[in-house]
Amino acid sequence: MSEDKVYPVPESIKQGAHISFEQYQQMYERSLKDPEGFWSEQADKFLDWFSKWGTTCEWDLSKGDIRFFAGGKLNVAYNCLDRHLESRGDQTAIIWEGDEPDQDESITYRDLHERVCRFANAMKARGVKKGDRVCIYLPMIPEAAVAMLACARIGAVHSIVFGGFSPEALRDRIIDADAEVVITSDEGVRGGRAIPLKGNTDKALEGCPNVKTVFVVQRTGGNINWNDGRDVWYHDACAEASTDCPPEHMDAEDPLFILYTSGSTGKPKGVQHSTGGYLLGTAMTHKYVFDYQEGEVYWCTADVGWVTGHSYIVYGPLANGAKTLMFEGVPTYPDAGRFWQVVDKHNVAIFYTAPTAVRALMGQGDEHVTNTSRKSLRILGSVGEPINPEAWEWYYRVVGEERCPIVDTWWQTETGSILIAPLPGAMDLKPGSATLPFFGVEPQLVDDKGNVIEGEGKGNLVINRAWPSMMRTIYGDHERFFNTYLAAYPGKYFTGDGARRDADGYYWITGRVDDVINVSGHRMGTAEVESALVLHDKVSEAAVVGYPHDVKGQGIYAYVTLMAGEEPSEDLKKELVKLCIDEIGPIAKPDLIQFAPSLPKTRSGKIMRRILRKVASNELDSLGDTSTLADPSVVDTLIEDRANK
Ligand code: 6R9
């Protein structure tokens, strides 16, 4: 092993783990040498099929064609529910923990199956059919999982929009997906505060004439407006629906869902996932990366509005017949010990969260953790951004009491499931490294010209072959899919991340190499925030970059140039912040705004973001070459006026 700090696999975890290091090596090698044999065995083992596929896998990344198990028929809801009824119908499927500590609910596989069938029939009764897009805009309540699975059952393609997004962001996504049905709730509740989801939906729908039906879940009973021809109470619709709903036979390559994510340019893109390959990827990784053992309570703290919630609250765990915990609230309500209180209350064995939450809680004092037991915990997980070694050590030492391995899982909305992560019974850990690739994943590092870097080194992270849960396209724009991910390095998938590989072959993700920033584990395209800022009458130009932020990982730093004659002011800053919140949502709120008389541009008019990033990060002695700027003196003014001196 190299000079890095290494944490060997604890004996207690090694014994009884699904996979040892030797097994990992054998299976990994086979997955690359004999993908047909490997994937067909796994698809047989993990999923139930109505009928078998033709060719197991075929892809040509230089053309954008990817197919796994094509011709095979299955249904995701059947795999997550029906097939478990005989053996574990009365076992808990979902443990719901509400925003208030005295609110919770356990839903068995049988209950969940019934609820899904009813709601599936309710949608059918209103004309929803295979292939239709359905938008889900719900808080973290069981109905979110019910709605997802009900769509899957009838072959409708869901598009979940995170409840923290604004009406404008919701509208864009409904229009892009051409959804005719929206599922929302009267309000959501987080940290004791109500969020007007129905009100937001009403606003969004002012611009969506194609939406015919809005199902409304009653969560709080708060006041809402009602549109008689369009709005339907979810509970009424379910009450009158039958519990008998045969699952649609879907092709493995039929779309399961669309999920919008940010890129470096343009509007958010609808990442489209498949049915068979996606479910196989999430089920396999859920079992092996978390070493999930029968009967254990597993908790992923993500929101179902993000891919982590899709794959690791709902699809992966339920496909494996697991007990999955769904939490409505926030880590600091009623106090900063909430996570650990919930762990004790429900005997959570596997806990999966984001580094930003770990850092935030680390700052609140150890006693919130140490005054709970946490004896049930066995495995800890991290996802969303690189975890800094201090946060890793705290998570390991204070939360896990040095007995729980931390699985640092690297993946993306586009990858569908975890691609690089330790298997807890197999791999020694190094704080800050996502370690080794999962089965069938062939990572490579390339330089900007596409030359492959062998052995130890640093470069752009690409994946040299397709894997089952890989995205299939961008909804409605296959060319954009190709250009965004497959054009840069022909035959390879480009992740947008940079990485280093050490002497042991371990991967260390260094962060995005494009204009995407990662704020509290949420992806944000700088272009999206810029577009919001320039909507203001007084703004002529804006450039947004990320800068290091203690808790959020990266903060949003906005440089704003005003129209001639306009004066900077604190009030104007507030208006700009509000504009970003209104256009995108609270996660897009700039942390720092600097009014800049002009931005550093090349002679061809390109903004030199590298310089803006350096100034925002206070790395003033490494600005690099500024000689190609049209007016190098712009940089002195920028430094003089920086917002975080
Ligand atoms: C699952 C998810 C993807 C981007 C990805 C990378 C960053 C995620 C990470 C990580 C370092 C990890 N990222 N996990 N970076 N270590 N364990 O987060 O999907 O929202 O699409 O974000 O997040 O930069 O490219 P998504």
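In listed order, ligands and their atoms are each counted from 1.
In this structure, T282 contributes its side chain and L279 its backbone to a donor-acceptor pair below 3.5 Å. In this structure a side-chain-to-backbone donor-acceptor pair under 3.5 Å is present from T495 to L461. Panel note: side chain T409, backbone S382; a donor-acceptor pair is recorded below 3.5 Å. One N or O on the side chain of T415 and one on the backbone of Q412 form a donor-acceptor pair closer than 3.5 Å.
A donor-acceptor contact closer than 3.5 angstrom is absent between the side chains of Y559 and E530.
Under a 4.0 Å N-O distance rule, the pair E442/K492 does not qualify as a salt bridge.
Ordered by chain and residue number, the residues placing a heavy atom less than 4.0 Å from ligand 1 are V307, T308, V383, G384, E385, P386, D408, T409, W410, W411, Q412, T413, D497, I509, R512, N518, R523.
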